[in-house]
Every structure is written in C-alpha cells, then in structure tokens.
2 protein chains.
Amino acid sequence: MRDAAVTIRDVAKAAGVSVATVSRVFNRPALVTAGLRARVLGTAERLGYVAYGAARALASGRSRAVGAIVPTLDNQVFAVCIDALQQRLDAHGFALLVASAGYDAAREAREVRLLLERGIDGLMLVGAEHPPAVWALLGRRAPAVPAVVTWTSAVVDIPVPSIGFDNAAAARRIVEHLLELGHRRIAMVAGPTVGNDRAAARVAGVRAALAASGLTLAPPYLSERPYTVPDGHAAALALLTLPDPPTAIVCGNDHLALGALAGARALGLAVPRDLSITGFDDLDFAAYAEPPLTTVRVPAAEMGQRAAEYLAAAAIGPAPLVGTVLEAPVMLRASTARPPSRVPAALRPPRCDRPASALR
Amino acid sequence: MRDAAVTIRDVAKAAGVSVATVSRVFNRPALVTAGLRARVLGTAERLGYVAYGAARALASGRSRAVGAIVPTLDNQVFAVCIDALQQRLDAHGFALLVASAGYDAAREAREVRLLLERGIDGLMLVGAEHPPAVWALLGRRAPAVPAVVTWTSAVVDIPVPSIGFDNAAAARRIVEHLLELGHRRIAMVAGPTVGNDRAAARVAGVRAALAASGLTLAPPYLSERPYTVPDGHAAALALLTLPDPPTAIVCGNDHLALGALAGARALGLAVPRDLSITGFDDLDFAAYAEPPLTTVRVPAAEMGQRAAEYLAAAAIGPAPLVGTVLEAPVMLRASTARPPSRVPAALRPPRCDRPASALR
DNA sequence: CGGCATGCTGAAAACGGTTTCAGCATGCGC
DNA sequence: GCGCATGCTGAAACCGTTTTCAGCATGCCG
C-alpha cells in the first residue's frame, strides 16, 4: 500500500536537502531562503509530491479537519448550511467530515465518537439538546475539541457557543401575524418534538403567541408529523375535516407547508382566501409555491459560514466563546390573509339539512 | 495538544498487557484469548480510550475515509445522494469527507488534491467530465485510489467505473412523451452545459427525440440558465413572449421547471391546458407543485448507496470494475397534456388588429 | 514422558511527517 | 583580521498505532 507514493524523503533526496527543509518549505516558508524554497517547490511539483495527511496529523497533533453532524441531509436547509460550512472551511485549509444522525440521539453519540476517532479539530452540531455522552467525549481530548451548536439560541447548560436563531420567537411572530389578520382558529402541524429542541421551541413559540390572545393549542389542533411533504398533506386533510376546522395552519417547516397547500387544494380550498398556511425555513421552492408561502427565513448558510469561522479560529488557538443570535425574519407572502367570514363552501357538510349551523 | 488524551500505551499499562495486544483486541479480536480481551476492553472503556485515527492511518496505510465531490450541496438531489452515501459508508466503518466544486473544473481538481492529501481510500465524483489532472492525481498513490463517477452512464475514456443513469435517454423519453401528446413547438431551458456532461447529455437527448420527428432545437428555443428557480421563471417568460411561443417547455431540472411553472402562471397561462412543462430530478416538491410536475426520477439515493458499496469493497481489495446503469423513469403527472388547439388568449397580441394571424 | 506443532503474547520496527536542537556559515562590529 | 551574534540547515527524536517476528507456553502425539 502506498508503495510507489512519493514521500517527503524522496523530495528531500531529489532536491539535495533534508526532510526538515522540505517540511519547512510547506509549513513555514519564511524560514527557508528563497532559492532553496524554489528548488524544493520545483522538485516537489516535478515528483508530484502530495503530503500524507495522516502523518502530518500525527506529528503535528492537528488534523485540519472538522466534523459536522446534522439530522439529515435530505432536508435542503441542512444541506445549504453544510455547503456553506464546507466552502468557508476550505478557505481556511480545513476539510469537512459529515455525518447524519437521523434525529436519533444514540446514533448521534456514535457519530460523534467516530468523528473524534478521526481526530477532528472541531465539531458542528445542530440544536442544543444532545446526550451527555457527547459533551463527555468532546472533553476527553486535551485540549477539548472545540464545538459549536447551531440552529438554536439556547445559551444555558451547554459548554459550547451557539450560532443560531430564536426558533420560539420566529414562530411567535408568524402566529402574531396570523392573529393580526384576525385568525382565532389556528392549528399547528409540528415536527417531531422529542429530542428536538428546535421543533419544541417552535411549538412553544406558537403557544406563547396564542396564549397572549387567550388562545390555546392542543390536539387535534396540534399534531406532530415527520418533516415530509406527504405528511403535511395528510395532516392538513385531517385538520380540515374536523367538525370545527382551523382557518390557519402553522407548519413546522416548508415541507409540511407545501403538503398542506396541496391538501387544501385537494379539498377545493383556495389559499389564502379560505385558509392561511405558513411554513418555516424558506427553502427555494417556498417563494414559488402556489400561492407563494409565508414562512420564516432561516439563516442556514450564514450559520454554516459563522460556524466555519469559529471552528477554524478555535482549532488554531483559544477563540472567544460567544453566542450568536441571527435574524430569522418572517417572509410575508401570499399564503396568508384574513380568515374567511364564513365556513368555505368546500368545508360545509355536503347535506344542507342544517343550513343554520353551517352558516353560523 | 492531546496532552491528557489516553493512548494505547495507557490502556496497555493499565491492563497489564502490551500495546500489541490492545491493538489486536480492537482490530483482530479472534487472535486474543477471551479473558484477556474482556480485561482489555474493560480498562479501555474505563479509561475512555479513543483510538487516534491519524496514527492508525499512518501505521495501517488506510484511512477508512472516503471523499465525495459534488457540484453543490444546495441542490437537494446531490444532498440526498451524499446522505445515502454517508449512511452506507458508515455501516462499513468509513467516514465521509465532502467537498463541493461549484461546477468549476479547476476548483474540482483542487478539491481532489486536498482530499487525496487527507489520505482518502476512495472517491466519488459526479459526472464523467473531469480535468486530466484528476485522473493523474488518483493514480499517483499506489495502488491507485479507487474512484467512481456517478450521474452518468458514460463508460468510455474513464479509468473508473460509473454508477449512474442515461441522461440522454431520459431526456429523450420525456420529449417523446410530449411529441406523442402532439406538441411540435418544444423549447428547452437547459442547465449550463460547459464542463457539465449531464446537462449536455440532456440537451442531446432532447435534440435526438426532436430530430426523430424532423424537429430541431436552437436558440431562442434553447436557452441555458443556471439551475435556479428564478432562472426558470425568467427563462419561461422570455420563451413565452416570443412571437411564436412554444407549447411545451422541457426544463433541465426541477428547479428550473418550478420557476417556469410560476412564470406561466404570472402570464395567466394554465398548465397543462395552455402549456406543458417538464422537469428533471423528481425532488420532493415536484409531485406537490401546482400542477404536479411531470419529470424524470433520478436515482440519487441509490447511486449514493451503490457508490458506498463499491468504494468500501474497493478500499479493502480489488473490486470488479463494473459500470452500472440505473433506471431513471419518467414520472407522468399533471404538468403535461395535449397542446392547446389555438394560441392561448393570454399569449395573443393585446391588439386585435390582425385577428386572422392570431387565430391561425 | 519427550518432542513438536500450535497458538498467544510481547518487543520492536515501521509509517511519513513535524519540530527541537545543535552546528555551521555568514556578516557585522571593533 | 578576529570574535560574536544571527540565521539557515540538517540530524534525530517523536507522534500513536499496526504489524512482523520471535519466544514462550500449552497441548497433542508418539
């Protein structure tokens, strides 16, 4: 294995210098005279020398790689973050190891361990809620492996900085918008909240806004569904066929909202005339949905960039342990409007044996 | 650095055995008697020992990591593939290093080099077209680093197996569907074709289908746009305001198609009554667009899985160098139908000074 | 009961870099 | 012209693990 690979020794020999000099040429060029440097660089290039990262990492104690664990890459919002993270990391000379944990705490702990074995110099995590084993593992190495949590503004009980936004506040604002429009019957299709502090915070935000208007949120007006389009579709159908259907549905993310939009359409409802629907994330299809989706813009790329900057800095030396709370603005578009003055025709009981109640 | 980290030596000392034995316990447990194995495992657990990957890689010559370079992670289709790749790799004990090259050959070559420096044991690439430097770099190590190309069925001129699908054939089939419906004025909004064999193959496939019916494809009916929703929107607008607008628009991917759908809507056109639109990729929003998008289902996850299987096998020992061509079926949905019998009202010139030509 | 496989275990040599430390010029000041 | 500080360069130690090789029991067979 690696038989024919050209090593630093080959370069040194060919250039007539010591391996120390070759190493210096690449790592601290200022320490080598210009002439020698050029000669070494030349022979290295000619021989096609590629330094072997493992040896470098072993000798220097730094792998120049950072890890990132996201719930899933399937969701574009995480993919965008990872893309930004990688590009920024690249600019600092770091490679990125990614793993997805599928919203599973045990699997996440396992991935953290595997990444740590790889000698990563930093780690990006999503959300504030992680098994204690994760923090223990991170502290094991000395100095402790720097880490950041993203997607959250929680600053308590976590030994690492967070770069995120306030999920609860964003959810609250979008519901306030609905309340201002006059909605009172507001339902929510949330993502799974167990072990997911972001999803839970969004529910809490919705509750808070509702509570301020004397409203509450409980099943069947609150349902939890996996973050998929078909689930949003099914959830909307269930909600809208309730005896007392909501006039607005707040969705935990854009996938659920897109499904809800389709569900409403399937029932013959016009959005936003008959029903208002909101999303969360502002994925690229949100603004082009029919109708364009009112949603919360999540700063996915910016979180990735800032996480990269922090981790790159922290890998070199001590970096300030600051928490960053980014903006997550509500994007008002065409899927929300004033509630219908009466129950939409499409939702009225098919038989008109009780017209009075249907028109109430 | 790593001062307090517990090493294999610490475990050996604590367990009263040699480092060789500890190493064997983890790598070839069968060589160690059960009792000893249990003792070593116990102390390792107690001490919180985590093997250091760099040292392992250096000593064993394998990093147990593979790399993947995609054009971008922004596009869900690649993210899905990477997610599947990572999960499958994980099952084989491999970590995944990802990088995005932004549809830029030079940047890709650079990323390949960086990944190789990291000592990856395998590499997944997208598409068949890569700078020669890439292949040279891959062959530099001995034995050569195994690689796979995905998203393509090209089998010529590439020293590595491909796991993909036939872009041209899929594009051809979707156009044949349009032709069968009776369309003759078929336009295409393609992705950028320079350095992108997939985009080029899709154009070629459209051309081939058209040619079989005596039709051609050329600007302004053929335009190239970045793969974004707004670009699809703009392109559709440009196409539909042509003196002789198309009755069907074939889009290079679903993002462009979603934008085109919105563009048609903006002009007051009903899809598919007044205009047919097709996509490519079958992202999760495609089936829930308004109307649901006729598109090509790209086996993104399956390519990721198969690439993982191949690379994991090839990293261990020689693996069969087979090319795999997966299915990429056309998903017939509601965005395609027979062409309108006359120019849609919305597209007719506002002034009726030439009614005869408008009704032609 | 002795000799010989057989099977575990430990000592030590890689693996390919980085980095410390010492040595050797070189250039400067006197 | 000599001594000394300065600045490059090279020799060698070291990073943590795997793996080869030899040695030592042990068990089996004759």
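Owing to the predicted nature of the structure, the values given are computational and were not obtained by experimental measurement. Keep in mind that the numbers below use all heavy atoms, side chains included, and drop hydrogens, waters and symmetry copies. Naming: A, B, ... by sequence-line order, numbering from 1 per chain.
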**Prompt:** Looking at residues at least two apart in the chain, or sitting in another chain, which of them share a ring-ring contact (aromatic ring centres under 6.0 Å, His included) with B:Phe78?
**Reply:** B:Trp151

**Request:** Could you check how far CZ of A:Arg64 sits from P of C:dG17, rounded to whole Å?
**Result:** 12 Å

**Rounded interatomic separation in angstrom, taking OH from B:Tyr52 and C1' from C:dG16** = 13 Å

**Asked** Through what angle, rounded to 10 degrees, does the axis of the helix from C:dC1-D:dG30 to C:dC30-D:dG1 turn between its ends, using five pairs per end?
**Response** 40°

**Request:** Whole angstrom is fine here: how far is it from CG in A:Leu58 over to P in D:dA13?
**Result:** 17 Å

**Prompt:** Hey, does B:Phe26 reach any base, or is it just sugar-phosphate, or nothing, if we go heavy atoms under 4.0 Å?
**Reply:** nothing

**Complete:** Per atom distances to the A:Ala55 side chain, the nearest of C:dG16, C:dT19, C:dG10 is C:dG16

Tabulate protein N/O versus nucleotide N/O from nucleotides 5-9 of chain C, keeping only pairs under 3.5 Å, one per line.
| unit_1 | atom_1 | unit_2 | atom_2 | d |
| --- | --- | --- | --- | --- |
| C:dT9 | OP1 | B:Thr33 | OG1 | 2.6 |
| C:dT9 | OP2 | B:Thr33 | N | 3.2 |

**Request:** In whole angstrom, give the distance that lies between atom CZ of A:Arg56 and atom P of D:dG16.
**Result:** 18 Å

**Message:** Taking salt bridge (charged side-chain N to carboxylate O under 4.0 Å, His left out) as the definition, give me every residue that meets it alongside B:Arg24, ordered by chain and number, with sequence neighbours left out.
**Reply:** none

**Request:** With the side chain of B:Ala59 defined as its heavy atoms from C-beta on, choose the nearest nucleotide among D:dT17, D:dC15, D:dG10.
**Result:** D:dT17

**Request:** Could you list the residues that satisfy side-chain contact (heavy atoms from CB on, under 4.5 Å) with A:Arg39, not counting sequence neighbours?
**Result:** A:Val17, A:Leu36

**Complete:** B:Arg9 CZ to C:dA11 C1', in whole Å, measures 12 Å

**Message:** Expressed as a whole number of angstroms, how long is the span from A:Asn27:CG to C:dT20:P?
**Reply:** 12 Å

**Prompt:** In terms of ring plane angle, is the pair A:Tyr49 and A:Phe26 parallel, tilted or perpendicular, where the classes change at 30° and 60°?
**Reply:** tilted

**Message:** On DNA chain C, does the nearest nucleotide to B:Gly16 precede the nearest nucleotide to A:Arg28 from the 5' side, or the other way round? Give the residue.
**Reply:** B:Gly16

**Asked** So which heavy atom on A:Leu97 is nearest to which on A:Ala65, and how close?
**Response** CD1-CB, 4.4 Å

**Message:** Going by the rule side-chain contact (heavy atoms from CB on, under 4.5 Å), which residues pair with A:Asp197 if we only count those two or more places apart in sequence or in a different chain?
**Reply:** A:Ala128, A:Glu129, A:Thr152

**Request:** Report the distance from atom NZ of B:Lys13 to atom P of C:dA11, rounded to the nearest whole Å.
**Result:** 12 Å

**Asked** In whole angstrom, what separates A:Ile8's CD1 from C:dG16's P?
**Response** 11 Å

**Message:** Tell me the closest heavy-atom pair linking A:Asp121 and A:Arg64, and the distance in Å.
**Reply:** OD2-N, 2.7 Å

